[in-house]
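First the structure, in the form of structure tokens, and then the observations on it.
Sequence lines set the chain letters: A, B, ... in the order given, protein chains first and strands last, and positions in each chain run from 1.
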Number of protein chains: 2
Amino acid sequence: MDEIDRKLVRLLQDDAGRSYASLGQAVGLSGAAAHERVRKLRERGVIRRTTVDVDPAELGRPVTAYVLVDGSTWMGDTAERLRDIPAIEEAHVIAGPASLLLKVRTATTRDLQRVLRQVFEVEGVTSTQTVVVLETFFERPSDPEL
Amino acid sequence: MDEIDRKLVRLLQDDAGRSYASLGQAVGLSGAAAHERVRKLRERGVIRRTTVDVDPAELGRPVTAYVLVDGSTWMGDTAERLRDIPAIEEAHVIAGPASLLLKVRTATTRDLQRVLRQVFEVEGVTSTQTVVVLETFFERPSDPEL
DNA sequence: AGCTTCCTGTCGATCTCATCCACGGCCAGA
DNA sequence: TCTGGCCGTGGATGAGATCGACAGGAAGCT
């Protein structure tokens with residue numbers, strides 16, 4: 001995981017469709033060598049997969065919110081129950097003012113309300129506090145610079 | 001933006017490297033037709049770019065935190081100042097208990113502390129409250145269903 | 001030092017796949 | 001019925017991914 005690897009990751013984050021030839025040229029390697037490095041980055045799990053970045057608003061989900069969830073019991077398999085709710089994009093266990101933090105995207109605030117009801121129906125949930133996003137400055141991938 | 005488009009987006013989110021032929025087969029179209037649809041999805045901005053999904057932990061940033069930021073004045077060009085801090089992955093203006101919500105990834109909690117100091121140095125910031133992530137259940141892309 | 005092994009790179013051949021073009025069917029409106 | 005726009009198909013072609021064989025260099029061992 002040297003400087004070249006980091007550069008490769010950064011270039012691929014920007015455009016995963018680039019040819020290996022141009023990739024190699026950009027980092028001062030042959031195309032095949034660049035290909036080999038990328039292959040290993042995948043193998044090691046640094047690169048999980050190649051995907052497309054979609055605009056949630058264009059998909060009809062302009063509403064973003066973060067939800068702080070408090071629970072009474074220890075929520076064992078809560079993860080799976082939350083995963084079943086498609087509007088939830090992220091779910092974290094946190095240290096601080098609540099037990100869980102969720103990131104939610106919906107089409108309308110009405111839909112957001114419905115999602116909150118679904119969250120409430122998950123066993124162990126006692127209360128939620130919702131933070132609505134008014135404007136997103138930016139959302140970007142992890143910077144590979146160590 | 002019909003059912004086929006949504007299916008294409010979902011397939012590409014899972015693996016953007018698929019051949020257009022197999023893509024077409026999966027949705028009951030020819031490769032060329034699938035290609036044309038994807039081209040238009042890009043043109044319309046539904047698909048912003050093709051990228052790689054990297055594991056932040058493998059990149060040496062296992063610490064994730066959310067930071068609630070409060071500010072006194074109206075923070076006009078705060079966005080650019082925050083963008084200059086590489087550890088900040090997301091920045092949102094929110095309605096609720098604070099003005100801004102940031103998502104931060106660092107190598108250590110010590111680095112997190114340094115980022116917080118940098119945030120404090122941004123003009124207008126009066127206080128921060130940090131929520132540290134203990135465990136991430138999941139982080140996934142937007143579901144293209146409706 | 002001499003040898004082995006592993007890692008990383010180059011070069012060239014092959015074969016898949018993206019890309020482009022011409023054509024055909026379908027539908028709405030005049 | 002005619003016409004134009006839209007959306008699809010199928011085929012040709014050229015670019016590029018992919019694979020194998022080989023070379024140089026570093027590290028470890030006898």
Report task. Run the salt-bridge test on A/E43 and A/K40 with the 4.0 Å N-O cut-off and return the result as yes or no. Result -> no

Query raised in the report: Are A/K7 and A/E145 ion-paired here, with the side-chain N under 4.0 Å from a carboxylate O?
Result: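 No, A/K7 and A/E145 are not salt-bridged.
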
Query raised in the report: Applying side-chain hydrogen bond (donor to acceptor under 3.5 Å, both in side chains), which residue pairs with at least one partner in residues 10-20 of chain B are found, sequence neighbours left out?
Result: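 Output for this query lists B/R18-B/S22.
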
Report task. Enumerate the residue pairs fulfilling side-chain hydrogen bond (donor to acceptor under 3.5 Å, both in side chains) with a member in residues 121-136 of chain B, sequence neighbours excluded, ordered by first and then second residue. Result ->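 Listed once each, the pairs are A/H92-B/T136.
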
Report summary line: Tightest non-hydrogen contact, residues B/D55 and A/G45, listed as CB-O, 3.5 Å

Query - For A/A33, all residues meeting side-chain contact (heavy atoms from CB on, under 4.5 Å), sequence neighbours excluded - result: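 Per chain and number, A/A33 pairs via side-chain contact (heavy atoms from CB on, under 4.5 Å) with A/L29, A/S30.
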
Query raised in the report: What pairs with B/L134 under side-chain contact (heavy atoms from CB on, under 4.5 Å), at least two apart in sequence or on another chain?
Result: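 Scan of B/L134 (side-chain contact (heavy atoms from CB on, under 4.5 Å), adjacent residues dropped) gives A/V93, A/A95.
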
Query - Span of DNA chain D in contact with chain A (heavy atoms, under 4.0 Å) - result: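 With heavy atoms of chain A under 4.0 Å away, the range is D/dA17 to D/dT18.
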
Report task. Quick one, give me the B/S/- string for nucleotides 5-24 of chain C, reading 5' to 3', where B means a protein heavy atom under 4.0 Å from the base and S means that only happens at the primed atoms, P, OP1 or OP2. Result -> ---SSBB------SS-----

